[in-house]
Amino acid sequence: MLHLTLRQLQVFEAVAHHLSYSRAARELHLSQPAVSMQVKLLEESIGLPLFEQLGKKIFMTEAGREMFHYSKAIAEQLREAEAVFEQMKGLDRGELKIAVASTANYFATQLLAHFCQAHPQVVVHLDVTNRADLLKQLEQNALDLVVMGQPPEGHDLVAESFMENPLVVISAPNHALVGVPQIPVERLAEEALIVREAGSGTRSASERFFQRHGVAPRTGLVMNTNEAIKQAVQAGMGLAVVSLHTVSLELQAGRLAVLDVVDFPIRRHWFVVHRRDKRLSAVALAFKQFLLAQGSGAV
Ligand code: PGA
């Protein structure tokens, strides 16, 4: 086994290329004796001279020409390896591990589709869960990025808002309050409210809202998906506070109605969140930029 270093090969290549120790030294920002020393060490480990001096000129020996052939091949292999690693770090082949709040899933998958169209080689792992679980996963450093409502202080997270998330009161289209203007919040105390599971960001935001207004609507049902809530509201089982993002199709189709309650919508925002100590991959960084570039126009 030859004992040589990549540095020796690099110096050798420069000398072989220029057929001059001084020009090689200039190219590599080394002194000429340093260049001669590296070549000498290489010659010692091979056991043959690589260059010979005739007058003022140097020439490659037969061993030198062989070495030149292999050193170029080795350098080429290293460049190729570098390109592979760059691609891995880059956008062409990366993996993206994200999780979004159940409520954010109504627009996040569409945004993800746009992103994947632009980066078809990226493999995306998407988890859809509620706010409490998202915070737990961030704690465990299990993800690159999370899309959720504003995270609480003290978790050492970076959170940037990129889109509005208005919460509205929905009812069945034939409910008595449909079309009534400026319904006082207190009026909702007479209605049954269908709410999300504990741990949902939508639920805690609406609880805070009602607390601030000193109103306590009766909880009719607790459900752990927005879909189930929409079905229940449509069936006339009660009212619900949901993100406007979750009901656009039903509103268009006239299957649900938004009530005009005073101080609604509750103004929330969607945030793209990651741990402060997370070194984001090129793909994760690109997806974050992509989300931030969406602005607030997509509500
Ligand atoms: P969620 O939404 O209700 O689906 O947890 C997250 C949030 O609003 O923070």
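Small disclaimer: the values here were computed from a predicted structure and weren't measured. Just so you know, these numbers use all the heavy atoms, side chains as well, and skip hydrogens, waters and symmetry mates. One-based numbering, in listed order, for ligands and for the atoms of each.
Residue Thr103 has at least one nitrogen or oxygen atom sitting less than 3.5 Å from a nitrogen or oxygen atom of ligand 1, judged on distance alone. Geometrically, ligand 1 and Asn130 share no nitrogen or oxygen pair separated by less than 3.5 Å. Checked by distance only, ligand 1 and Arg203 stay at 3.5 Å or farther apart across all their nitrogen or oxygen atoms. Checking only distances, Gly149 does come within under 3.5 Å of ligand 1, N or O to N or O.
When only modelled atom types and interatomic distance are considered, Asp144 and Ser281 share no side-chain donor-acceptor pair under 3.5 Å. Residues Arg208 and Gln211 have side chains that never bring a donor and an acceptor to within less than 3.5 angstrom of each other. No donor-acceptor contact under 3.5 angstrom links the side chains of Glu27 and His17, judged on distance only.
Between Gln150 and ligand 1 there is no heavy-atom distance shorter than 4.0 Å.
For atom 5 (O) of ligand 1, the nearest protein heavy atom (residue, atom name, distance) is Gly201 N, 2.9 Å. For atom 6 (C) of ligand 1, the closest non-hydrogen atom on the protein side is Ala101 CB, 3.3 Å.
Ring geometry, His269 versus Phe271: the interplanar angle exceeds 60°, so the pair is classed perpendicular (tilted spans 30 to 60°). The aromatic rings of Phe107 and His245 sit tilted, their planes meeting at an angle between 30° and 60°.
In summary, the atoms of ligand 1 found under 4.0 Å from a heavy atom of Arg268, numbered by their order in the structure, are 7 (C), 8 (O), 9 (O). Within the listing of ligand 1, atoms 4 (O) sit less than 4.0 angstrom from a heavy atom of Ser102. Residue contact check: Arg131 has heavy atoms under 4.0 Å from atoms 5 (O), 9 (O) of ligand 1.
Proximity of Arg196 to ligand 1, defined as any heavy-atom pair under 4.0 Å, is confined to the side chain (atoms from C-beta onward).
In this structure, Glu43 does not pair ionically with Lys40, as no charged nitrogen and carboxylate oxygen lie closer than 4.0 Å. Taking the charged nitrogens against the carboxylate oxygens, Arg203 and Glu207 do have a contact shorter than 4.0 Å, which makes a salt bridge.
The NE2 atom of His274 lies 12.5 Å from the CG atom of Leu143; values are rounded to the nearest 0.5 Å.
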